[in-house]
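Just below is one structure, and these are the notes that go with it.
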Amino acid sequence: MAKTGKIAAFALGEKKTAMVNLPAQFVTSSTADVKRQKYSDLVDYADNSEKTSDLNNESMNDLIDLKEQFSKPGYANRNSAVTETHPIFGNDKLNYDNHDISVLRKNLDEAQKNGNNIHELAFSIRGDWLVKNNLYDSETRMIDQNKLKHAEQEVAKTLINKGFNLPLGEDENDVVWFGVIHQDTDHLNMHLWFAKKNRETRPEMLKQEGKYKGQPIGVIPLEVIEQAKRQFRKQLMSSQELKRHQEILKGVGGFKQEIIETAPEKLLNDRHTKAIKQIYDALPQEMKGRWQVGNAHLMAGKGKMAKANQLTNQLLDDLFDKELKPEYEGFKSLTQEYDVINIEDQGVMHKGQHKWSENKEDELRKRLANQLYKYLAQIEDTSINDIDQQMSELLSHVTKRDKGGSVDRTKIASSPQEKKLASKPLINNVKQNTTEHIGNQMPVRGSSFNKISRLWRQDIHAETNAERQFLRNQKKVEQEKAQEEYESKLSRGM
């Protein structure tokens with residue numbers, strides 16, 4: 001990150017760095033005390049007129065180490081006159097006045113006196129992302145600072161309430177925090193500082209062993225930081241970008257649902273009988289009833305399930321190449337399109353990281369494999385020929401059901417009639433007798449086949465409900481975003 005010597009002259013056309021970064025750090029009160037540094041001095045660093053401007057706040061930093069900020073030349077002595085309105089903002093105001101600054105300094109000194117850490121997080125935002133989401137005009141250098149500040153206010157709540165074993169504050173007045181937008185580098189930087197005011201005495205919030213035993217916990221878990229980044233991006237996305245994300249995710253969900261609903265009848269045909277029999281033979285019989293892929297990849301070569309998993313993966317490859325080719329290709333194309341979005345937002349992936357598309361395909365294959373293993377667990381422990389007979393009986397029921405007509409599965413969104421047909425049981429005509437005979441050879445439990453059908457229907461129903469809930473949540477986010485944009489315009493007198 002480089003200084004530009006100008007305000008809001010952000011770099012454009014970058015490709016390899018993340019759209020939004022969020023480095024985090026903290027300093028203990030004892031460290032600051034030894035160096036004769038005061039938490040309240042951070043206000044001067046934040047309120048530096050060379051880094052900030054309220055003149056380019058319209059709708060449409062320098063990430064130096066926190067420890068260095070204390071000792072930076074001119075850090076504790078502002079070189080600009082104090083005005084009635086400052087670029088610093090907090091929980092309930094987008095611009096602090098002189099009184100607010102005075103109270104802020106007092107609270108920060110109290111936090112340090114009581115032995116608490118000072119935490120800093122800094123959103124480093126690329127100019128390209130700001131432009132794409134209507135937050136920055138590169139020609140006029142105007143920035144929608146109010147919208148950025150509103151987003152950071154929400155993120156601050158997440159970090160303060162979820163970044164530790166317990167909420168950082170013991171009540172709403174027990175935390176002091178403030179933020180600022182710095183514009184003097186090639187990326188826009190939003191700083192956020194926060195600390196607990198009263199002395200920390202809760203065991204869950206103190207180090208229990210080692211060199212720092214008894215001191216407040218300082219590290220915020222990475223998953224919470226990642227959650228904050230996602231929350232920040234989501235709140236700032238333009239309606240066009242949000243719609244783009246929603247359409248892709250909805251399409252992925254639609255193709256996934258089509259594959260899940262259609263796979264059973266496509267698997268249970270003569271072409272796959274031999275492959276399914278091989279999978280059954282490879283399953284460890286001592287684990288019957290507990291056959292699952294688990295956390296391993298289907299192609300992982302270890303464990304008792306390894307051979308069956310590999311054969312199942314080959315079966316799915318064949319299924320996706322033929323019977324479910326349109327649905328699978330649609331699913332794969334959209335997940336890869338979302339990979340592009342993720343790279344735009346998060347930067348080029350590191351070696352060893354899995355793409356979003358790879359994770360989604362792995363989830364789909366595991367889901368189908370586990371469903372197949374549930375079916376195979378219903379087969380009686382009889383001879384190989386008996387297994388063939390049982391599969392033939394199952395196939396006969398599926399064939400009878402399908403004689404009435406076929407369903408076009410190549411669409412993302414199915415009609416209600418199609419959904420009804422897709423969710424019918426695999427076996428409709430199996431009697432509820434405990435035992436029935438096929439030819440002169442083998443017993444087959446009708447109740448077991450009904451159980452298979454019921455389990456599969458339940459899983460499909462749960463998947464459908466989850467997808468509907470996701471879409472409802474997305475719609476709610478979009479509505480809230482539109483309301484926020486409307487209120488922001490009102491506040492600017494537009």
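- Within the 4.5 Å cutoff, side-chain heavy atoms of Ser138 are placed close to those of Leu12.
- Judged purely by atom type and a 3.5 angstrom limit, Asn165 uses its side chain to pair as donor or acceptor with the backbone of Glu204.
- Under a 3.5 Å cut-off, the side chain of Asp339 and the backbone N or O of Trp356 do form a donor-acceptor pair.
- Between Met142 and Tyr136 there is no side-chain heavy-atom pair separated by less than 4.5 Å.
- No donor-acceptor pair under 3.5 Å is formed between the side chain of Ser333 and the backbone N or O of Gly330.
- By the 4.5 Å heavy-atom criterion applied to side chains, Glu329 and Lys332 are not counted as neighbours.
- The line from CE of Met190 to CZ of Phe232 is 5.0 Å long, rounded to the nearest 0.5 Å.
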Verify side chain to side chain contact (heavy atoms under 4.5 Å, CB included) between Val180 and Trp193, making sure each step is shown before the conclusion. CA-CA 9 Å; Val180 71; Trp193 293 273; 3.9 Å; yes
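- Residues Thr28 and Tyr212 have side chains that never bring a donor and an acceptor to within less than 3.5 angstrom of each other.
- Looking at Glu152 and Lys149, no side-chain N of the basic residue comes within less than 4.0 Å of a carboxylate O on the acidic one, giving no salt bridge.
- The existence of a salt bridge linking Lys322 and Asp318 is confirmed by a sub-4.0 Å separation between a basic side-chain nitrogen and an acidic carboxylate oxygen.
- Within the 4.5 Å cutoff, the side chain of Glu120 has no heavy atoms near those of the Leu192 side chain.
- Annotation for Ser238 and Asn134: closest pair CB-ND2, 3.7 Å, computed over non-hydrogen atoms.
- Counting heavy atoms from C-beta outward, Ile341 and His245 have side chains that approach closer than 4.5 Å.
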Test log, rule side chain to side chain contact (heavy atoms under 4.5 Å, CB included), inputs Gln227 and Thr158: CA-CA 8 Å; Gln227 178 186 348; Thr158 298; 3.9 Å; yes
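- With rounding to the nearest 0.5 Å, the separation of CD in Gln235 from CD in Glu154 is 5.5 Å.
- For the residue pair Gln336 and Ser357, no side-chain donor N or O sits within less than 3.5 Å of a side-chain acceptor on the partner.
- Between the side chains of Tyr328 and Asp317, no donor-acceptor pair of N or O atoms lies under 3.5 Å.
- Between Lys366 and Asp362, at least one side-chain N (NZ, or NE/NH1/NH2) sits under 4.0 Å from a carboxylate O, which counts as a salt bridge.
- Environment of NZ in Lys325: sparse, with no more than 12 heavy atoms of neighbouring residues, nucleotides or ligands closer than 6.0 Å.
- Ile143 pairs in a side-chain contact (heavy atoms from CB on, under 4.5 Å) with only one of the listed residues (Asp137, Leu130, Leu188), which is Leu188.
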So Arg271 and Glu323, salt bridge (charged side-chain N to carboxylate O under 4.0 Å, His left out) or not? Walk me through it. CA-CA 11 Å; Arg271 200 172 73 80; Glu323 289 95 338; 2.8 Å; yes
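- Proximity of Pro216 to Phe164: side-chain heavy atoms (C-beta onward) are nowhere separated by under 4.5 Å.
- Using a 4.0 Å cut-off between charged side-chain N and carboxylate O, Glu286 and Lys304 make a salt bridge.
- Judged by distance alone, with hydrogens and angles left aside, the side-chain atoms of Glu200 form a donor-acceptor pair with the main-chain N or O of Arg202 at under 3.5 Å.
- Under a 4.0 Å N-O distance rule, the pair Lys355/Glu358 does not qualify as a salt bridge.
- Ion pairing between a basic and an acidic side chain is recognised when a charged N comes within 4.0 Å of a carboxylate O; Lys250 and Glu247 show no such pairing.
- Residues Gln153 and Asn91 are not in side-chain contact: their nearest non-hydrogen atoms beyond the backbone lie 4.5 Å or more apart.
- Side-chain N or O atoms of Trp291 include none that pairs as donor or acceptor with a backbone N or O of Met305 at under 3.5 Å.
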Side chain to side chain contact (heavy atoms under 4.5 Å, CB included) for Leu364 and Phe320? Distances and angles first, verdict last. CA-CA 12 Å; Leu364 176 63; Phe320 292 155; 4.3 Å; yes
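- For Gln257 and Glu261, the side-chain atoms include at least one donor-acceptor pair closer than 3.5 Å.
- A donor atom on one side chain and an acceptor atom on the other are not found under 3.5 Å apart for Gln25 and His119.
- Two residues are said to be in side-chain contact when any heavy atoms from C-beta on lie closer than 4.5 Å; Asn161 and Leu168 fail this criterion.
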Check the pair Leu324 / Thr262 against side chain to side chain contact (heavy atoms under 4.5 Å, CB included), numbers first and verdict last. CA-CA 8 Å; Leu324 290 177; Thr262 312; 3.9 Å; yes
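- With Leu236 as the fixed residue, the side-chain contact (heavy atoms from CB on, under 4.5 Å) test singles out one of Asn133, Asp144, Leu242, Leu148: Leu148.
- The line from CD of Gln215 to CE of Met205 is 14.0 Å long, rounded to the nearest 0.5 Å.
- Under a 4.0 Å N-O distance rule, the pair Lys207/Glu209 does not qualify as a salt bridge.
- Put simply, the residue from Thr312, Asn370, Asn309, Asn313 that forms a side-chain hydrogen bond (donor to acceptor under 3.5 Å, both in side chains) with Arg365 is Asn313.
- The aromatic rings of Trp177 and Phe89 sit perpendicular to each other, their planes meeting at more than 60°, with 30° as the lower class boundary.
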